[in-house]
Amino acid sequence: MTSPLTHHTTPDNQAPDELNRQRAAVAALGHELRALVETAVRTTAEPETLHRVADGVRSLARQLTGRRRAHAETPAVDEFPGGVRMYSPVTGPGSPLAPPVHVTPVEDGVAGTCTLGMPTKDHRATATAA
């Protein structure tokens, strides 16, 4: 049986310096998008301001041009399986959905810590790793 996922073990189609630059840019965008979401859920701005900002966000989204990955396609910045996962909704620094988790190796696996902001404060997170 063949998996529908596109697999590769390391992102070997990019030079290490270019891969690091791409990962840094992905992480920076993810950080700013998380900050935007935090601000959006806390704002009490007037409707006119909200509409103006929505128009600006729509305009920004149009700037993310180029080929789009298929849903089952592994991102070129990832090491799959078991390595860097830039867009993971759990630990991915490039995912605006992921809380800023700091993962540390421990004797029996890994431990993660994070501070949840207002967008995620009503969600409970349980982490188990071996």
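Values below: all heavy atoms of this structure, side chains included; hydrogens, waters and symmetry mates excluded.
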Closer than 3.5 angstrom, by distance alone: can the side chain of Arg23 be matched with the main-chain N or O of Glu18 as a donor-acceptor pair?
no

For Ser95 against Tyr87, the heavy-atom pair lying closest together:
CB-O, 3.6 Å

Give the minimum heavy-atom separation between Gly92 and Arg34, together with the two atoms involved.
O-NH1, 4.0 Å

Could you give all pairs that pass the side-chain hydrogen bond (donor to acceptor under 3.5 Å, both in side chains) test and reach residues 41-57, with sequence neighbours left out?
Asp55-Arg58

May I have all residue pairs that pass salt bridge (charged side-chain N to carboxylate O under 4.0 Å, His left out) and include part of residues 86-96, sequence neighbours excluded?
none

Within the side chain of Asp78, is there an N or O that forms a donor-acceptor pair under 3.5 Å with the backbone of Thr74?
no

Over all heavy atoms of both residues, which pair between Gly112 and Val101 is shortest? Give the atoms and the distance, please.
CA-CG1, 4.2 Å

With sequence neighbours excluded, residues passing side chain to side chain contact (heavy atoms under 4.5 Å, CB included) with Thr113:
His102

For Val84 and Val77, the nearest pair of non-hydrogen atoms, with its separation, is CG1-O, 4.0 Å

I need the minimum non-hydrogen distance between Ala45 and Leu50, along with the two atoms involved.
O-CD1, 3.8 Å

Any carboxylate oxygen within less than 4.0 angstrom of a Lys/Arg side-chain nitrogen, looking at Arg67 and Glu73?
yes

Which heavy atom of Val90 sits nearest a heavy atom of Pro99, and at what distance?
O-CD, 3.8 Å

Interatomic distance, CE@Met86 vs OG1@Thr91, rounded to 0.5 Å, equals 10.0 Å

Are more than 12 heavy atoms, taken from residues, nucleotides or ligands other than Arg69, located less than 6.0 Å from that residue's CZ atom?
yes

